Protein chains: 2
Amino acid sequence: MGVIERKEREKEEMRKSILDAARKLFLEHGYEKTSIRNIAEAIEYSPGTIYLYYKDKNEIIFALHNESFGVMMAYFQAIVSIEDPFERLVAMGRKYLDFAFENPELYELMFLMKSPIETLECRSEIWEHGHLATGMLKMIIADCIKEGYFKNTDIEAMCMIIWSSVHGLATLHVSKRTSMYPEDERAGRIWAGFEMMVKMMRNGL
Amino acid sequence: MGVIERKEREKEEMRKSILDAARKLFLEHGYEKTSIRNIAEAIEYSPGTIYLYYKDKNEIIFALHNESFGVMMAYFQAIVSIEDPFERLVAMGRKYLDFAFENPELYELMFLMKSPIETLECRSEIWEHGHLATGMLKMIIADCIKEGYFKNTDIEAMCMIIWSSVHGLATLHVSKRTSMYPEDERAGRIWAGFEMMVKMMRNGL
DNA sequence: TTAATTTATAAACAGTGTTCAGTAATTAAA
DNA sequence: TTTAATTACTGAACACTGTTTATAAATTAA
């Protein structure tokens, strides 16, 4: 009797439809203005039902957090074929910023919001996707060193500052701190900062 | 009759006492867990009274946002006497990170939270303090160029990437994205990243 | 002392995340 | 096929949130 298999499948479908509704509402109106009641209404169930599939709102946010790493990785797909490791590194930075610019809400979820991280901090599986992404970066840095770039540099420290730099640029944009500049200048200033970083990495190490 | 002067003074005192209570609760329990009712209770007034002195919660947050820039500037006070402009720049970065590490809630308020910026985006006075701080950074960069550092570099782009880099490091810490590393390693990794940046700036330009 | 004005309050509104007793639907057993 | 057991779902309730407003109290001016 494949009834438990079907039930399992139905349960998974329900979890997915909740997540689909949550993602849609979240991207449409932002996290703060999306409530459990909104999500419930969207899938035409009562609010209580959500809690039969997700422990709380944090678990929904965290599910989207994980998903988003997949989206980001898809951006990186295009750079793996680049031969020169330094050019690959630069291209990865560019793609990182592209992702942040084109998906500010997802970026916020992944790297800015405290709520899902704070509550799930104890569970080590939270960092699974994070380690995957930084692992990719470290590999490229290692390749750079092999090819003669970045002589005598600590990979961990290099990973830290490269990530931080693009993360800083992305964050200024996502949390609207570039609004101090006219709208038509904002993106340009970010990219000019990025190019300066590339220049420093090229000549400074 | 100095009654209107006294009333004005009393009004200002009330605004201050509200802000004091808000700051205390905010630093104690975080922004998200501090409500208007909490603040009202702390100063022993009814919730509605708060709204006679501040338009809404955002205006309270924004008042703290402005205050915090003063606190950060106090951190920078110690570096103005440093002769060599490059060393002054490095010291400023160090102080910036010190501030972020020692006042994570204030840092969040100033550079991460969207709520006060988003709603007050139209009013240009919001950026007053921001321009003051970046102005200071740009001055130091200009001094560096005068002294022979950073040849042929655009000050604006340089300002952008320097700020972004330390901001990125600070943000990873404040929004708990360094929790993927063991607690006793976190600060060290941030500082190692910073030193790498300094190294690149010293040699790369 | 009275009138006008300012200041503060309590209650209400519309919303939030979350829990839980009770009901409806489905599955298993007789 | 009927009954028992299990599962799925609901709607109301709880304790909150930011904010508004009619009402009442305190203060000032006449």
Side-chain angles (χ1 to χ4, degrees), chain A residues 1-19 21-22 25-26 28-65 109 113-120, chain B residues 1-19 21-22 25-26 28-65 109 113-120:
Chain A
M1 51 185 86
V3 63
I4 58 162
E5 284 90 342
R6 195 204 63 210
K7 288 245 167 178
E8 193 61 40
R9 212 168 51 235
E10 280 174 355
K11 189 152 188 126
E12 213 49 54
E13 272 168 31
M14 187 63 155
R15 279 178 66 92
K16 191 183 174 311
S17 85
I18 289 170
L19 212 62
L25 287 169
F26 181 78
E28 219 164 309
H29 310 113
Y31 159 74
E32 296 201 334
K33 276 167 190 158
T34 301
S35 68
I36 296 287
R37 281 174 180 79
N38 295 153
I39 299 169
E41 200 179 1
I43 60 168
E44 294 175 299
Y45 278 83
S46 88
T49 305
I50 307 278
Y51 290 86
L52 299 173
Y53 296 89
Y54 289 94
K55 197 183 126 282
D56 55 22
K57 201 183 177 183
N58 267 324
E59 212 167 276
I60 298 176
I61 293 170
F62 186 60
L64 290 173
H65 161 108
L109 212 62
M113 276 181 62
K114 285 204 297 184
S115 44
I117 297 297
E118 222 162 25
T119 29
L120 306 170
Chain B
M1 51 186 84
V3 62
I4 58 163
E5 285 90 341
R6 197 205 59 209
K7 287 244 169 179
E8 192 60 41
R9 212 168 50 236
E10 281 174 352
K11 190 155 187 121
E12 213 48 55
E13 272 168 32
M14 188 63 157
R15 279 178 67 92
K16 190 183 176 310
S17 86
I18 290 170
L19 212 62
L25 287 168
F26 181 76
E28 220 165 308
H29 311 113
Y31 158 74
E32 297 201 333
K33 275 165 191 160
T34 301
S35 67
I36 296 286
R37 280 173 180 80
N38 295 153
I39 299 169
E41 200 178 2
I43 59 168
E44 294 176 297
Y45 278 83
S46 86
T49 304
I50 307 278
Y51 289 87
L52 300 173
Y53 296 89
Y54 288 95
K55 199 184 123 282
D56 54 22
K57 202 183 177 183
N58 267 325
E59 212 169 275
I60 298 176
I61 294 171
F62 186 61
L64 290 173
H65 160 108
L109 213 62
M113 276 182 61
K114 285 203 296 183
S115 43
I117 297 297
E118 222 161 25
T119 29
L120 306 171

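Small disclaimer: the values here were computed from a predicted structure and weren't measured. Within every chain, numbering begins at 1; the chains are lettered A, B, ... in the order of the sequence lines, protein sequences first and strands thereafter.
B/L25 has its CG atom 16 Å from the C1' atom of D/dG18, to the nearest Å. Taking atom CG of residue B/L52 and atom P of nucleotide D/dT20, one finds them 11 Å apart after rounding to whole Å. Following rounding to the nearest Å, B/Y45 (OH) and D/dA25 (C1') show an atom-to-atom distance of 13 Å. Put simply, CD1 on B/I50 is 18 Å from P on D/dT21, counting in whole angstrom units. For the pair B/E13 CD and C/dT7 C1', the computed distance is 15 Å after rounding to whole Å. The CD-C1' distance, from B/E41 to D/dT17, rounds to 14 Å in whole Å. Atom P of nucleotide C/dG17 and atom CD of B/E32 are separated by 12 Å, given to the nearest angstrom. Rounded to an integer number of Å, the gap from NZ of A/K33 to C1' of D/dT17 is 15 Å.
Comparing D/dA8, C/dT18, D/dT19 against the side chain of A/K7 picks out D/dA8 as the nearest. Nearest nucleotide to the A/Y51 side chain, out of C/dG17, C/dT26, D/dT19: C/dG17.
With hydrogens and angles ignored, a donor-acceptor pair under 3.5 angstrom links the side chain of B/R37 to the base of D/dG18.
Taking for each of B/K11 and A/P47 the nucleotide of DNA chain C with the nearest heavy atom, the 5'-most of the two is the partner of B/K11. Comparing B/N38 and B/E10 along DNA chain D, the residue whose closest nucleotide (by nearest heavy atom) sits nearer the 5' end is B/N38.
With respect to the salt-bridge test (charged N to carboxylate O, under 4.0 angstrom), the residues A/E10 and A/R6 qualify.
The CD1 atom of B/I36 sits 4.0 Å away from the OH atom of B/Y51 when rounded to the nearest 0.5 Å.
In this structure, A/Y53 contributes its side chain and A/K11 its backbone to no donor-acceptor pair below 3.5 Å. Formation of a donor-acceptor pair under 3.5 Å by the B/N58 side chain with backbone atoms of B/I61 is not found in this model.
Counting all heavy atoms, side chain and backbone alike, B/I39 lies closest to B/A22 at CD1-CB, 3.8 Å.
Within 4.0 Å (heavy atoms only), A/T49 reaches at least one base atom of the nucleic acid.
Contacts between residues 53-62 of chain A and DNA chain D, defined by a heavy-atom separation under 4.0 Å, are made by A/Y53.
Cation-pi geometry between A/K57 and A/Y31 is met: under 6.0 angstrom from the ring centre, within 45 degrees of the axis.
Contact check, B/S35 against D/dT17: a side-chain N or O comes under 4.0 Å of OP1 or OP2.
Side-chain contact between A/I18 and A/T49 is absent, with no heavy atoms from C-beta onward closer than 4.5 Å.
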